[in-house]
A.B. asks: 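Pasting a structure below so you can have a look.
Side-chain atoms are counted along with the backbone in the values below, which use heavy atoms only and exclude waters and symmetry mates. Here is how names work: the chains are called A, B, and so on, in the same order as the sequence lines, proteins then strands, and each is numbered from 1.
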Number of protein chains: 2
Amino acid sequence: MERVTMADVAREAGVSKSTVSQYLNKRYEYMGEKTKQKIEEAIEALGYQPNFLARSLKQKRTSLIGIIVANITHYFSTEVSRAIEDFFHQYDLQAIVCNADDDPEKEKKYIEMLRAKQVDGLIIFPTGKNNDLYESMVKQGYPVVFVDRKVENLDVYSVITDNSESTYQAIQHFIKKGHRNIAFVVQPLTVSTRMERLHGYKKAVKEAGIELNPNFIIEANIPEMKEKLESLFSSEEKPTAIFAANDRVFIALGEFLKEKGMKFGEDLEIVVFDNIPFSQLLETPITFIIQPASEMGRKAAELLYKQINKENSDPEVFVFPSKII
Amino acid sequence: MERVTMADVAREAGVSKSTVSQYLNKRYEYMGEKTKQKIEEAIEALGYQPNFLARSLKQKRTSLIGIIVANITHYFSTEVSRAIEDFFHQYDLQAIVCNADDDPEKEKKYIEMLRAKQVDGLIIFPTGKNNDLYESMVKQGYPVVFVDRKVENLDVYSVITDNSESTYQAIQHFIKKGHRNIAFVVQPLTVSTRMERLHGYKKAVKEAGIELNPNFIIEANIPEMKEKLESLFSSEEKPTAIFAANDRVFIALGEFLKEKGMKFGEDLEIVVFDNIPFSQLLETPITFIIQPASEMGRKAAELLYKQINKENSDPEVFVFPSKII
DNA sequence: CCGGTTTACTAAATCGATTTATCTATTTGG
DNA sequence: CCAAATAGATAAATCGATTTAGTAAACCGG
C-alpha cells in the first residue's frame with residue numbers, strides 16, 4: 001500500500017516538486033530536456049500515480065458531473081444518462097448517476113452530497129418539490145441543467161419534450177381511426193410531464209366533440225394500477241383504446257391484459273409514451289411516442305458544459321419533438 | 001459563488017477551526033453546550049457546506065466506489081450495478097459507473113482514472129486482457145471484486161454464474177424434447193463466459209450421441225450476425241432450435257427472424273442466456289436462463305465492503321446458479 | 001493550598017497537489 | 001564590460017478540511 005507522492009518523484013529525480021508538477025501539466029516552456037528525462041524515469045521507476053483529490057482541492061475542479069434521475073427504472077432516464085456520459089467522455093469528465101426514486105427528500109440529499117463532493121455541475125430530472133434548493137443553486141451561479149420536467153417560476157436551462165402536443169396528435173390519430181372510448185392511464189399527476197400529457201389527451205377528445213368520460217382517466221400508482229384497470233373493464237362502457245403515459249404504466253397494463261387473456265392490437269389498441277427496449281421484438285403493432293433521448297441527453301450535456309466553462313448566455317428552454325411510430 | 005469554509009464558521013462562532021471540525025464529526029465528548037449552539041448558529045447563518053475533497057484528502061477515503069462494466073448495453077450489467085448501488089447506499093457510499101465497451105484499453109484507462117480519483121474500491125466486469133494490472137492491484141492490497149467473468153491465474157474475489165452447467169441443462173432439455181439440430185449463436189469467444197457456455201453446449205450434444213455440426217456454431221460480432229444466420233438458414237440442414245448466448249445476440253436473432261417472417265416458438269425454439277426486461281410481455285414462450293443479478297450484485301458489494309473495512313479473509317470465488325424458465 | 005485530573009478548547013502539522021513570486025545563471029546588446 | 005533580459009528551476013503559500021499534541025481553567029481530594 002505504498003503511496004508514491006510527487007515529493008518522492010522529485011527526490012528520486014533530484015528536482016523540486018514544482019518542477020515535477022510543471023512536467024505533469026505539460027508546461028514545458030522553460031524546461032531542460034535532461035530534466036524532463038529524469039522526471040520521466042523517476043515516475044516510471046516509482047510507479048507514481050497522481051492524486052486527483054489534491055489537485056482538485058487546489059484547482060476547484062473535480063472533472064466530475066452529477067446526474068440525478070427521478071427514477072432509474074424508467075428506461076428513458078438511462079438512455080439520456082448514457083448520452084450525457086458519452087458527451088462528457090470526450091472532455092475527460094466523468095458522470096456520477098444517482099437515483100432519487102421520485103422522492104424529494106432523497107433528491108435533496110443527493111444534490112447536497114454531490115455539491116459537497118465538489119462536482120463541477122449537475123443535470124437533474126427534477127421531482128419538482130425542491131424549488132428553493134433549485135433556486136439557490138441558480139442564484140449562486142452553479143451550473144445546472146434540468147431535463148424531462150419543467151421547473152416552475154424559475155429561469156433555468158431545461159431540455160424537455162412537447163408532451164402535450166404529441167399526446168394530442170396520438171389521440172387524434174386514434175379518433176380518426178374511429179375510436180371513441182379511449183382510456184388514459186397515468187401515475188399520480190405530481191409532475192409536469194404527466195399533467196401535460198393529460199392536457200393533450202383532453203384537448204384532442206374535446207376537439208373531436210367526444211364527451212369526456214372521467215372513468216376513462218385512471219390515475220394510480222403502479223401497485224394499485226391493476227385493481228383500477230379491473231374496475232374499468234368490468235364497467236359498462238369499455239375502452240377500445242388505451243394511452244399508457246409511460247413505460248412503467250405500459251408494463252403494468254401488459255401484465256394485466258395477459259392475465260385477462262386479452263391481446264394488444266386485437267382486443268385493444270395501445271399507445272405508449274416512451275420507447276422501450278426490445279420493442280422491435282413485439283409481434284403486435286403498438287404505437288410508441290418516442291422521445292429523442294440521445295439528442296436530449298447530448299443537448300443537456302452541451303448546455304452544462306458551456307456553463308462550466310463560463311460561456312454565459314441566458315437560460316433557455318429547449319423543447320424537442322417526439323416521434324410517433 | 002461565495003465559498004464558505006470552516007474558517008469562516010469558526011470566526012463567526014468565535015471558536016477555532018478544530019472545534020468546528022469536532023462538532024461536524026460529532027465528537028461531543030468534551031464540548032460545552034453553548035459552544036455547540038454557537039457553531040450551529042454560525043453554520044446556519046453562513047449556509048456552510050463542508051468540502052468533501054479536503055476531508056477525503058486528509059482521511060484518504062472518498063466514500064466513492066467504482067464499477068467498471070464490460071458493456072453497459074448489456075441488461076445484466078445494469079441490474080448488477082443497481083444492486084451494488086443499493087447495497088452501498090446504506091453505508092453512504094456512492095458508486096460511479098464506467099463503461100469499458102469491451103475495450104481493454106478503455107478498461108485500463110478507467111481503472112487508472114478511478115484509482116487516481118482515490119475511489120475506495122473497484123468492482124470490475126473484466127475484459128480479461130489486463131491481467132498485469134489486475135495483479136498489481138491485488139498485490140497492493142487494493143479492494144477489488146470481479147464479477148461475471150473469471151480472471152485466469154489470479155487469486156481474487158469473484159462472483160460468477162455456472163455458465164457451463166446451466167447451458168448444459170438447457171441444451172439437454174431441448175434434446176429431450178426431440179431436437180437434434182440445435183444451433184449455438186455467440187459473439188467472439190474472447191471471454192470466459194462465452195467459452196464456458198459453448199463448453200456446456202458441446203458437452204450436452206456429445207453426451208446425447210449427436211454429431212457436432214460445426215456449422216451450427218455461429219461466432220460473430222453483432223453487426224455480422226445476420227449475415228451468418230442467413231447462410232445458416234440457406235444451408236441444407238436447418239436448425240430447429242437456437243441457443244442465444246446473451247441478450248444482444250437474442251435481439252439480433254429476433255430482428256433476423258422478423259425479417260424472414262419466422263416466429264419464435266412456432267418455427268423455431270429459442271433459449272436465451274440472460275434475462276431481458278419486458279420479457280413477460282412477449283407472447284410466445286421462450287426459454288430464458290436467468291442469472292440472479294441482484295443477488296450477485298449484492299454479494300459483490302458485500303465482498304468489496306469487507307475489503308474496504310479490512311475484514312480480511314482469503315479471496316474466494318462465488319458461483320451462483322442460474323434459473324431456467 | 002498544592003499537585004494531579006478532568007474538561008473545554010486551540011495551535012499547528014498534515015494530506016498531496018498547484019501556483020506565484022523569487023532566485024540564480026546565462027545571454028544579449030549597446 | 002556592465003546592465004538588462006531570459007532561461008531554468010525552486011521555496012513557500014495555498015486549497016479546506018482532520019488530527020495530534022498541548023494549554024488553560026476548573027475541579028478535587030488530602
A.B. asks: Classify the ring geometry between Tyr110(B) and His89(A) as parallel (under 30°), tilted (30 to 60°) or perpendicular (over 60°).
C.D. replies: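 Aromatic pair Tyr110(B)/His89(A) classed tilted.
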
A.B. asks: Please state how far atom CZ in Arg61(A) lies from atom P in dA17(C), giving the value in whole angstrom units.
C.D. replies: 16 Å

A.B. asks: Calculate the interatomic distance between Met6(B) atom CE and dT18(D) atom C1'; express it in whole Å.
C.D. replies: 8 Å

A.B. asks: Let me know the distance between CD of Glu33(A) and C1' of dA7(D), rounded to the nearest Å.
C.D. replies: 14 Å

A.B. asks: After noting the C-alpha distance and the side-chain angles of Lys36(A) and Glu33(A), does the key distance pass the salt bridge (Lys or Arg N to Asp or Glu O under 4.0 Å) rule?
C.D. replies: CA-CA 5 Å; Lys36(A) 266 196 234 180; Glu33(A) 211 32 71; 3.7 Å; yes

A.B. asks: Does the side-chain contact (heavy atoms from CB on, under 4.5 Å) test come out yes or no for Val144(B) and Val156(B), once each step is laid out?
C.D. replies: CA-CA 8 Å; Val144(B) 204; Val156(B) 291; over 6 Å; no

A.B. asks: Is Arg149(B) salt-bridged to Asp102(B), going by a charged N under 4.0 Å from an acidic O?
C.D. replies: yes

A.B. asks: OP1, OP2 of dG16(C) versus side-chain N and O of Lys60(B): anything below 4.0 Å?
C.D. replies: yes

A.B. asks: Pull out every residue in residues 15-26 of chain A that has a heavy atom closer than 4.0 Å to any atom of DNA chain C, ordered by number, or say none.
C.D. replies: Lys17(A), Ser18(A), Ser21(A), Asn25(A)

A.B. asks: Taking the six-membered ring for Trp, are Phe76(B) and His74(B) parallel (under 30°), tilted (30 to 60°) or perpendicular (over 60°)?
C.D. replies: perpendicular

A.B. asks: Would you say a side-chain N or O of Thr35(B) is under 4.0 Å from OP1 or OP2 of dC9(C)?
C.D. replies: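 Yes, Thr35(B) has a side-chain N/O under 4.0 Å of OP1/OP2 on dC9(C).
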
A.B. asks: Would a 4.5 Å heavy-atom cut-off, applied to side chains only, mark Phe318(B) and Met296(B) as touching?
C.D. replies: no

A.B. asks: Can you measure Asn51(A) atom CG to dT14(C) atom P for me and round it to whole angstrom units?
C.D. replies: 17 Å

A.B. asks: Starting at the 5' end of DNA chain C and moving along, which residue's nearest nucleotide shows up first, Lys58(B) or Arg55(A)?
C.D. replies: Lys58(B)

A.B. asks: Rounded to whole angstroms, how far apart are NZ on Lys117(B) and C1' on dG16(C)?
C.D. replies: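 In whole Å, dG16(C) C1' lies 16 Å from Lys117(B) NZ.
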
